[in-house]
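Any value given below was found using the heavy atoms of this structure, including those in side chains, with hydrogens, waters and symmetry copies removed. On a predicted model such as this, the values are computed, not experimentally measured, just so you know.
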Amino acid sequence: SSDVCSSDLASPAELAWHAGAYAAAYMVAVVVFSPVWGAASDRYGAKAVIAIGLAGSAVAVLASSFADGMWSAYVGRTAQGAFASAVLPVATAALARIPDTAERARRVAGLSAASLLGFFAAPALSATAVAVLAADPVATVLYASGLVALAALAGCGEKADFTNVYAELEANIDKTCACKDAACVQA
C-alpha cells in the first residue's frame with residue numbers, strides 16, 4: 001500500500017504549470033545573469049569566470065539533489081541557471097575575439113558540438129545511472145550531473161586544449177591592443 005493519498009497529488013494542470021515554471025526558472029536566471037558574468041569576464045578574465053561557473057554549477061546541482069520541497073527545488077534550479085550562464089556565453093564571447101576567421105569558426109563549432117554532445121549524452125547517462133542505481137532516481141541524476149560538472153572543471157587544467165584557447169586569445173588580444181586603429185594587419 002502507498003502512503004500517498006490521492007488528495008496529496010497535484011492535478012495535471014498543476015503539474016504542467018510547475019514543469020513549465022521549473023524550466024523557466026533556469027532560463028530566466030541565464031538571461032538575468034549572462035550580462036553579469038560577461039562584465040565579470042571583462043574585468044577578471046574568461047578563464048576565472050568559467051571556472052567559477054563550472055564549480056557553482058556542480059554545487060548547485062548537488063545541492064538540488066537534497067531539495068526537500070517544491071520551493072527548494074526552484075531555488076536550486078535557479079542557481080543552476082545562474083552559474084550555467086557563466087560558462088557557455090562567456091566561452092562563446094571569448095572565442096568571438098579570435099581574429100582569424102577560420103580558427104574562430106573551428107573553435108565555435110567545436111564548442112557547439114561539445115555542448116550538443118552534453119545535451120545528448122547527459123540524459124542517456126542519467127537514464128543509465130537511474131537504471132543501475134534506482135534507489136532514488138532524481139537524486140542519482142543530480143549527483144551524476146554534479147560530478148560531471150566537477151570533472152569538467154578538473155579538465156580545465158593547463159594541459160587542456162580548452163585552456164590553450166585562452167592563451168591564444170590573450171596573445172591575440174595583446175596584438176589587437178597594440179594596434180591604434182582597425183586597419184592594423186596581423187603579422
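In terms of heavy atoms, Ser41 sits closest to Ala46 at OG-CA, 3.4 Å. Residues Ala82 and Ser85 come closest through the heavy atom pair O-OG, 2.7 Å. Taking both residues in full, the closest heavy atoms of Thr78 and Ala29 are given as O-CB, 3.3 Å, listed atom of the first, atom of the second, then distance. Across all their heavy atoms, Val87 and Gly53 have their closest contact at CG2-C, 3.8 Å. Taking every heavy atom of both residues into account, Ser57 and Gln80 meet most closely at OG-O, 4.3 Å.
Separation of atoms CH2 (Trp37) and CG (Asp42) is listed at 13.5 Å; rounding is to 0.5 Å.
For the pair Tyr22 and Met70, the minimum side-chain heavy-atom distance is 4.5 Å or more. Residues Leu111 and Leu88 form a side-chain contact, since some pair of their non-hydrogen atoms from C-beta on lies under 4.5 Å apart.
Checking side-chain atoms of Arg77 against main-chain N and O of Tyr26 turns up no donor-acceptor pair under 3.5 Å. Remark: side-chain polar atoms of Ser34 are not paired, donor with acceptor, to backbone N or O of Val31 under 3.5 angstrom.
Aromatic ring orientation, His18 versus Tyr74: tilted (interplanar angle from 30° to 60°).
When hydrophobic clusters are built by joining Ile, Leu, Val, Met, Phe, Trp and Tyr residues whose side-chain heavy atoms come closer than 4.5 Å, directly or via intermediates, Phe83 is not grouped with Tyr44. Under a hydrophobic-cluster definition in which Ile, Leu, Val, Met, Phe, Trp and Tyr are linked whenever side-chain heavy atoms come within less than 4.5 Å, directly or via other members, Val49 and Val30 are assigned to different clusters.
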